[in-house]
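Structure, as structure tokens:
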Amino acid sequence: MATPVALLSESVLGWSIFTIVLLVIVAFCWVYIRKYQSRQESEVISTITAICALAIALITSALLPVDIFLVSFMKYPNGTYKEWAASNETRQQIEDTVLYGYYTLYSIILFCVFLWIPFVYFYYEEKDEDNSNKCLQVKNALKYSIGFVIVCSVLLLIGTFVPLESPPNQNSTQWEKVQYLFEELGSSHGLAALSFSISSLTLIGMLAVITYTAYGMSVLPLNLIKGTRSILYERLENTEDMEEVEHQIDKLKAKCADGRPLSMRDRKDLQDLEAKLQVLHRRGRHLEIAERTCCSKVGSALRPMKILLGVFFILVALLFFITLFISNLDKALHSAGISTGFIIFGTKLTNPLNELLLALQPVFPLDYVLITIITMYFVFTSMAGIRNMGIWFFWIRLYKIRPQRTRPQALLFLCMILLLIVLHTSYMIYSLAPQYVMYGSQKYLLQTPLSTADLSQGNHSTAITKICDADAPEDQCTVTRSYLFLHKFWFFSTIYYFGNWAFLVVFLIGLVVSCCKGKKSVIEGEVDADDSDVSDDEYVH
């Protein structure tokens, strides 16, 4: 009776913590999206879509520690299985529970990325001013979304019918080869198809991590440390700029005081100066509002806290940089090679974060808290990078991300990027702590032959407790389901490996750029030349 009770209590503990984190994630996503969405152009459907998409991505990442916890708690510290986990069927049931959880969440992610988010985006793009023909709006949105569905179908087919291993008999007939493909599909329960699709999305997420997260990891802490410029100094500087522009406008208008027309060059200069003066007037209004709000006073009082937080964030960023560099260097020196996705049979170089997670893992949920902090750190630094850079398509800036002024289309793009970034976060955590993500704190017993002196006592071998790694026997160590999704196809792992090196380079470049930049304005990003006065009304009210 003790065995089922132990199994139930430890499973309930892991899933209870997961449920609490799930509720916290949903609340966080609601607050996060509501903070950035536009007040005048807000749409219920885009808001709900953004909240759900971001929540699903974060929940998927939150499932990783539960996966690691369940495989780790199957064993005692001495490397033997616990009584309730001694049966292969029991272990398989627990693994299947986590696997079905991944199936469900990853399927929802595919649905959001390839159908729901594109549909909502094009639905809003097709919206007329009078908003009269809803059926035509839905029809056009579905028509544009078909392309995304086709891409998803192609990815699933590739993952399904491209076997990872050759048929056992190379001289077999075409029908036997087809039968082999379907047998492979049945034995993997669709894991390969779903893994290929998710890995393809994770590959796009890797590009977003290299672009936004690497830069955000440097710009966020340095902005907190440097702070913002003085409002009084900015208002004085803005007033002087306005007087200078007005003086230049008066000089140009004086040229046509006697009725002579201005030259084409002077007319263009006059238009540019009037547009610049309009931006300066709007900037002055925003500075006046910022000076009156209590946020500036609270911000000044919390200045020491921001400096400490900035120092903490930069130390965490440097820890990640060092850990990722050591992990990649370890793979470069001791892995099985590029054709295996740089799989490594046990860590040879000391990885600080991997050692920390292994030390915290037996005291659940400390490792869960740390993984959650790491995930949220990636989200916040990614958001900092997106907000500072905007959403770009090559050299064209598509949207700006600003609190309470982000358009519904930009909000959907934002959540799509964050969803892909969080997907890649699982591999980033594996890169930072490969042994933890693969096996948790599992150990196994290795039988080694005794010396000649010990053979006289009748013993031929002895058991040595070792930490599980890729070289461990299959029946002695259980691999997490997350690792199977991440490393089903070796070529994705190879691309991720080189992507990590690119991430390190971009982080260093971003760190240098952020250090060279001065303090940002207190109204940074609120006033741009391509904004309209309508957006000012939205900001004020």
Side-chain angles (χ1 to χ4, degrees), residues 25-61 108-125 127 141 144-145 148 201-202 204-217 219-220 223 375-394 396-425 428 510 524-526 528 530-531 535 538-539:
I25 284 174
V26 172
F28 166 79
C29 292
W30 185 84
V31 174
Y32 198 74
I33 297 301
R34 293 288 293 176
K35 174 186 176 182
Y36 280 93
Q37 75 172 162
S38 171
R39 293 182 179 181
Q40 290 189 344
E41 298 184 76
S42 63
E43 287 284 329
V44 175
I45 187 171
S46 65
T47 302
I48 294 176
T49 300
I51 292 173
C52 292
L54 186 57
I56 287 296
L58 293 175
I59 290 168
T60 305
S61 293
I108 295 174
I109 288 175
L110 290 179
F111 172 75
C112 290
V113 171
F114 289 108
L115 181 60
W116 185 241
I117 293 180
F119 172 78
V120 174
Y121 177 85
F122 291 117
Y123 178 83
Y124 190 80
E125 283 290 311
K127 186 177 181 180
Y144 294 131
S145 302
F148 291 88
L201 292 181
T202 306
I204 304 174
M206 181 193 73
L207 300 177
V209 166
I210 294 172
T211 304
Y212 294 112
T213 310
Y215 178 65
M217 283 176 61
V219 71
L220 176 62
N223 281 345
T375 303
M376 298 314 298
Y377 177 82
F378 277 121
V379 171
F380 283 125
T381 52
S382 301
M383 192 62 235
I386 295 173
R387 185 178 178 186
N388 279 270
M389 297 175 63
I391 298 175
W392 292 75
F393 182 75
F394 292 104
I396 302 173
R397 186 166 73 171
L398 300 178
Y399 298 106
K400 290 174 288 187
I401 306 298
R402 293 172 294 182
Q404 300 177 355
R405 304 173 69 193
T406 305
R407 298 178 61 190
Q409 299 97 317
L411 203 61
L412 292 172
F413 260 101
L414 167 67
C415 286
M416 178 78 82
I417 293 173
L418 289 177
L419 188 149
L420 297 174
I421 286 174
V422 171
L423 273 182
H424 188 67
T425 298
M428 289 292 292
E524 183 78 20
E526 293 179 8
D528 288 319
D530 56 350
D531 288 337
S535 62
E538 178 183 2
Y539 178 77

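FYI, side chains are in, hydrogens and waters are out, and symmetry mates aren't considered; it's all heavy atoms of this structure.
Evaluation of the side-chain contact (heavy atoms from CB on, under 4.5 Å) rule for Leu207 yields no partner, not counting sequence neighbours. Residues passing the side-chain contact (heavy atoms from CB on, under 4.5 Å) test with Ile210, sequence neighbours excluded: Met206, Ala502, Phe503, Val506. Listed by chain and residue number, Lys517 satisfy the side chain to side chain donor-acceptor pair (under 3.5 Å) test with Tyr215 (two or more places apart in sequence, or in another chain). Legend: residues meeting side-chain contact (heavy atoms from CB on, under 4.5 Å) with Cys29, ordered by chain and number and at least two apart, are Ile25, Ile51, Leu54, Ala55, Leu58. Under the rule for a side-chain contact (heavy atoms from CB on, under 4.5 Å), the partners of Phe111 that lie at least two apart in sequence or sit in another chain are Leu115, Trp116.
Taking the side chain as every heavy atom from C-beta outward, Met383 and Tyr36 approach each other to under 4.5 Å. The closest side-chain heavy-atom distance from Val219 to Thr381 is not below 4.5 Å. Between Leu110 and Leu201 the shortest side-chain heavy-atom distance falls below 4.5 Å. At a threshold of 4.5 Å between non-hydrogen side-chain atoms, the residues Met217 and Tyr377 count as touching. Proximity of Val209 to Ser382: side-chain heavy atoms (C-beta onward) are nowhere separated by under 4.5 Å. The shortest distance between side-chain heavy atoms of Cys415 and Ile33 falls below 4.5 Å.
Checked against the 6.0 Å centroid criterion, the rings of Phe122 and Tyr144 qualify as a close aromatic pair.
Atoms CG and SG, on Leu419 and Cys52 in that order, are 11.5 Å from each other to the nearest 0.5 Å. Separating the CG atom in Leu220 from the CZ atom in Arg387 is a distance of 11.0 Å, to the nearest 0.5 Å. Ile417 CD1 to Ile391 CD1: the interatomic distance, rounded to the nearest 0.5 Å, is 4.5 Å. Annotation: the span from Ile59 atom CD1 to Ile108 atom CD1 amounts to 8.5 Å, rounded to 0.5 Å. How far CD1 of Ile45 is from CG of Leu412: 9.0 Å, rounded to the nearest 0.5 Å. Here CD1 of Ile109 is found 8.5 Å from OG1 of Thr202. Values are rounded to the nearest 0.5 Å.
No donor-acceptor distance shorter than 3.5 angstrom exists from the side chain of Thr211 to the backbone of Ala208, with no hydrogens or angles considered.
Each side chain to side chain donor-acceptor pair (under 3.5 Å) pair with one or both residues in residues 409-419, not counting sequence neighbours, appears once here: Glu125-Gln409.
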Item to check | ring-ring contact (aromatic ring centres under 6.0 Å, His included) between Phe119 and Phe148, intermediate numbers included | outcome: CA-CA 10 Å; Phe119 172 78; Phe148 291 88; over 10 Å; no
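Between Phe380 and Phe28, the ring planes lie perpendicular to each other; the angle is over 60°, past the 30° to 60° tilted range.
Considering every non-hydrogen atom in both Ser145 and Pro118, the closest pair reads OG-C, 3.6 Å.
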